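Just so it is clear, the model here is predicted, and its values are computed rather than measured. Just so we're on the same page: letters track the sequence lines, and every chain starts at 1.
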Amino acid sequence: MSRYDAAATEPKWQAAWDKADLFLARRTDQPKYYVLEMFPYPSGRIHIGHVRNYTMGDVIARYKMSCGFSVLHPMGWDAFGMPAENAAMASGGHPKDWTYDNISVMRGQMKPLGLSIDWTREFATCDPEYYGQQQALFLDMLEAGLVYRKPAIVNWDPVDMTVLANEQVIDGKGWRSGAEVERKELTQWAFAISDMAEELLDGLKGLDDWPEKVRLMQENWIGKSRGLQMTFALSAPVGGHDGIEIYTTRPDTLRGASFIAIAPEHPLAKALAEEDADLVAFATDVRKGGTTEEALEKAEKRGYDTGLTVENPLGGTLPVWVANFVLMDYGTGAIFGCPAHDQRDLDFARKYDLPVTDTFVALDDDARVTNTAFTPPKTDRVRWIDQPAGLTEATGQEAIDATIDWAEAKGLGTGKVQYRLRDWGLSRQRYWGCPIPVVHCDDCGVVPEAKENLPVRLPDDVTFDVPGNPLDRHPTWRECACPKCGKPARRETDTMDTFVDSSWYFARFTAPRAETPTDVDDAAYWMNVDQYIGGVEHAILHLLYSRFFARAMQKTGHLPQGTEEPFDALFTQGMVTHAIYSTKDDKGRDVYHLPEDVDLDTKTLRATGEPITVTPPVKMSKSKKNVVDPMDIIATYGADTARWFVLSDSPPERDVEWTASGAEATAKHLARVHRLATDIERADRAANAADADLAKATARAIQEVTDGIEGFAFNKSVAKLYEFTNTLHKSDAGAEARRDAMKVLAQLMAPMTPHLAEEVWSMMGGEGFVVNAAWPKADEALLVEDTITLPIQINGKKKSEIEVAKDAPKPEIEALVMQDAQVVKALDGGQPKKLIVVPGRIVNVVV
RNA sequence: GCGGGUGUGGUGGAAUGGUAGACACAUCAGACUUAAAAUCUGAAGGGGUUCGCCCCGUGCGGGUUCGAGUCCCGCCACCCGUACCA
C-alpha cells in the first residue's frame, strides 16, 4: 500500500485547477459571493497568522462555490508603510525593491497553500496604477468638502528634526536619537470623518452579522455624549477674553465645581503666556512626551494657577488653572473640575489643595468623599444636595437632563451633543506612501493637481541616509507648474496615511484594472463584501475608516447605492501569539531572537549559549522576532496538513499561542483518510444491515460539519470529521455504502484539505472537481432518533439514566424515573419534594 | 488611565441554564514485528474506596436557580485597541 504523497498530489491538483481557470471570478447569473480576508502587509515572509486568516477565507470561498455561488476571492498587498523605509535605513536598499521582493517571496509562499484566489486581480497599493486612482479619489473628496487642512499635533524629535510615529516613541524618547520627544503642531490634511459621526454610529445598528464586541468598540470610539456648553464670565477680562466657554458631560455636578481647567493650547492660555514666563515654562514642560492617548492619560496630572477667577453662577468664584489633562481637541478645551465625582479632578484637587464639595451621596449612605471619588453609574439613583435643577433623588442621567434644561431656561448655556471621534489626519512626513496630489503656489495657494497629471509618481532616486522626508530634500521633485496659473510652484511633500490605501481596496478588487477608481457596474455586481475576515486588532480604525470611505465614495459617485456599509458580515479572528526571546546588548537594550534560534530546554541561545529572557506571549510581530515560519510545516507535511492544523482545536475567534507540536499527528490523520479511501476503493463487501447506520452517521456528519462552517466554528467541523472518519473506518457496511460515505467525507473535507479531497473524490469515481460538486444535503429523515437517553439527576447531580422513546409523554417518564434503582434508594420510601422533567433533556429529582 | 475581550484535565479545546471534559495532542498499556518504525486496539480530570460507589473540580469570592462553565455582583491575571505599527 502506497503512502499518501502530499508533495506530489498537491501540485498536481493546483495545476489542474489553474488549467480549468476554476477560481477566476466571473459575472454570471448565479448569485454572487464576495469573500475577502484583510490583505497582508508585505513584511517579508508569511507567518502562521496569515495561514490561519487565509485558510479560513478559503474554507468559506470553497464552501460557497460548492453551494452554487459565483465567488470573488481576491488577494493584494497593503504595500506602503514605515517598515520599508526602516529597512532602507538599516541596510541601504530602496523601499520599492524591498517591498516588491517581499511581495514576490510571500506570493511564492502563499501559492502552495492551494487557496482559491483569483490571482488575476492581484495588486499592491504601491503600484502607481493603484495610488494614482487613490489620488483621483482624493481630489474628488477635496472637491466634495470631505478633506481639509487643519493644525494637528505630532511627535517631534528635536534632535533628528523629524516627526515620529507613536511606535517610534519609547518611554517618551525618540527611538534613534534618544531625545525627549515634544508635541508639536503642524498643518495637516484631514478627512472630515467627524461630520459623519452620527451616520457611522447609526449604521452600526444594521450590522447584524458583525461581532457585537466590534460594534460596541466602534460605538464607544465614536463616543456620542450630550452635555452642557456654558460660559463662565471672567471676574476681570484679560487678553481680549471676557469668559471661558466650557463643555461638560456632567453638568449635574456643577455645585461641586471647584476650579476651571483649560488646555495648555487654549487661546486664553496662549494669550496669558505672552506675559507670563512661568506659564510658558509650564506649557513647554507639559508638552514633553508622546501624543498617544495612553501617554496623555497616564501622565502625572499637573496644573498651573493663572491667578484668574471666574464667576460661578451658583455663587462665588472659581480659580482658573491650566492643566495638562485637558485636551484642546475635545469639546471646547476647557472644563470645570468636580473633585467629589471625578477621580482625576480629585487627585488634582488634593495635589493643589482645592476644595472638594459633594454634590450627591448614595441613597443609603451619607458618607462624604475623602480620597476616592464617588462615581456611581449614571443609571443609579442617588440623593442630591442642593441640586441646581432642584432634584432631591434621581439618577445621574435624569439629573444631567434636568440640569441642561435648567441651564437653558436660565440662559446659562446650551445642551450640546459631542462626539469623541476626531477628524482623520492623513498627512505623513514620509516617502513610502501615496503622494498627496496638491501643489502650493505663491499666487493661488493650495491647488489640486489636475487629474490628467495623475498619478503623481514617487521619485525613485532617493536616499535614507539622513532622518526626515526624502521628498522634502529631493533636488527637483517638488518643482512643478501650478495647475491653475502655470507659474512655478511646489508639490506637497507629505504622503497619505497607509490607512487610506486599505480603506477602499475592497472596492478596487471589483475592477482592479479600471481607468477610474472603480467601475460602477462591476461594483454594483460584486459589492458588498459578503464575508470579511481579519484580525480583531483592526476592530476600530481600519473598519471605521473603510465605512467612512464607502460613504465618501458614494458621495463622489465611485460606488453605487447600498454600499454605505461595505462589509455585510465580519469575522474577527484571534491573534496568533508567541513568547518573546531576548537578550541584552552592551548598552542594556533588548535584542530579540527567533524561536528557531533558541533552545527552550536550557533557555539559551543556540549559537552562543547565552541565557535568554522569555517574555509571555504577545501578537507576533517582526520587530519582536516572535514569528514562526509556517513554511517548515508546508515543506515537511504539505499544505493540507498546515490548513487542517490551523483550523483544528482552537476556535477561530480566540487568541492562540502558537506551537507546532501536533503537526505530525495531523499529517498522520490525513494519511489515514487516504488509506481508508484506498481500502474502500478495493473492497467488495455486499450490502448489509450496517448500511443504514452508516447512512445515518453520514447525514449527521453533513449536518454538523455544515453547521460548523456556517457558524465559523471550524474546530468543531474538524472534530466532527474526525468522528465521522472513525465511524467510517469501523463500519461493517457494504462496499457501495462505504463508497458513498467516503465521497461525502471528501466533499466535507474539501474546503479544508482541498488537495486530499480532490484525490479521494477522483478515487471514488466522483465527477469533475470536488469543489464544483454540489454541497451534500443531509437527509432529514435520517437525523431523527427514535429513542433517547435521559439523564436523571438527584438534587442536581447526575446519578442515573433511562432510555425512553423520543416523544414519550411526561407521566410515562415520571413513572419510569420513580422505578429507577438510584431514585428508589435516594427516596428511601418517601416522596420526592419536586420532580422536574425537561422533555428530551433531563430529569431532576429533588429529595 | 480608558474602551473591548479571554480564563475549563499534562496540552488545544467541547458543552440552546440541563450528563463538565466531546474531538484531538502528548502519555501509558496491549496486538503485530527478531527488533524498531508505521499501523491497529484500549486506558486515562484529581483524590478516596469495602470496587457498590463516594468526595472535590470550569481563574478567585459572593449571589440567583430544582439545576450555573453558562446568568448577576465584586475581584485577579492575561490579550487587543487607544487615532503616525499595519
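- Taking the six-membered ring for Trp and thresholds of 30 and 60 degrees, H542(A) and Y532(A) have ring planes inclined between 30 and 60 degrees apart.
- Distances were taken from every side-chain heavy atom of Q188(A) (C-beta onward) to each of G1(B), C84(B), G13(B); the shortest belongs to C84(B).
- Residue S661(A) has no polar side-chain atom (N or O) positioned under 4.0 Å from OP1 or OP2 of C25(B).
- Of the candidate nucleotides G4(B), C66(B), U39(B), C66(B) has the atom lying nearest to any side-chain atom of K834(A).
- Syn is the glycosidic conformation of G52(B), whose angle stays within 90° of 0.
- Q429(A) contributes a side-chain N or O that forms a donor-acceptor pair with the base of C84(B) under 3.5 Å.
- Side-chain proximity of K298(A) to the nucleotides C23(B), U41(B), G1(B) is greatest for G1(B).
- For C40(B), one of the phosphate oxygens OP1 or OP2 lies less than 4.0 angstrom from a side-chain nitrogen or oxygen of R672(A).
- Residue N795(A) places no side-chain N or O under 4.0 Å from the OP1 or OP2 atom of G67(B).
- Within 3.5 Å, no donor on the side chain of E657(A) pairs with an acceptor on the base of G12(B), nor the reverse.
- Nearest to the side-chain atoms of K730(A) among the listed nucleotides U41(B), U82(B), A20(B) stands U41(B).
- Taking only side-chain atoms of K797(A), from C-beta outward, the nucleotide of C56(B), C40(B), A83(B) with the closest atom is C56(B).
- With hydrogens and angles ignored, a donor-acceptor pair under 3.5 angstrom links the side chain of D649(A) to the base of G12(B).
- Closest approach to the R841(A) side chain among A86(B), U82(B), G18(B) is made by G18(B) (side chain taken as heavy atoms from C-beta onward).
- Closest to the side chain of A165(A), out of A83(B), C84(B), A14(B), is C84(B).
- With G7(B), G4(B), A83(B) as the choices, the nucleotide that has an atom nearest any side-chain atom of N166(A) turns out to be A83(B).
- Using a 4.0 Å cut-off between charged side-chain N and carboxylate O, K351(A) and E300(A) make a salt bridge.
- Side chain of M217(A), nearest nucleotide from C84(B), G4(B), G18(B): G4(B).
- Between W504(A) and Y130(A), the ring planes are parallel. Angles under 30° get that label, and only those over 60° would be called perpendicular.
- Taking the side chain of V656(A) as heavy atoms from C-beta on, and the options U19(B), G13(B), C84(B), the nearest nucleotide is G13(B).
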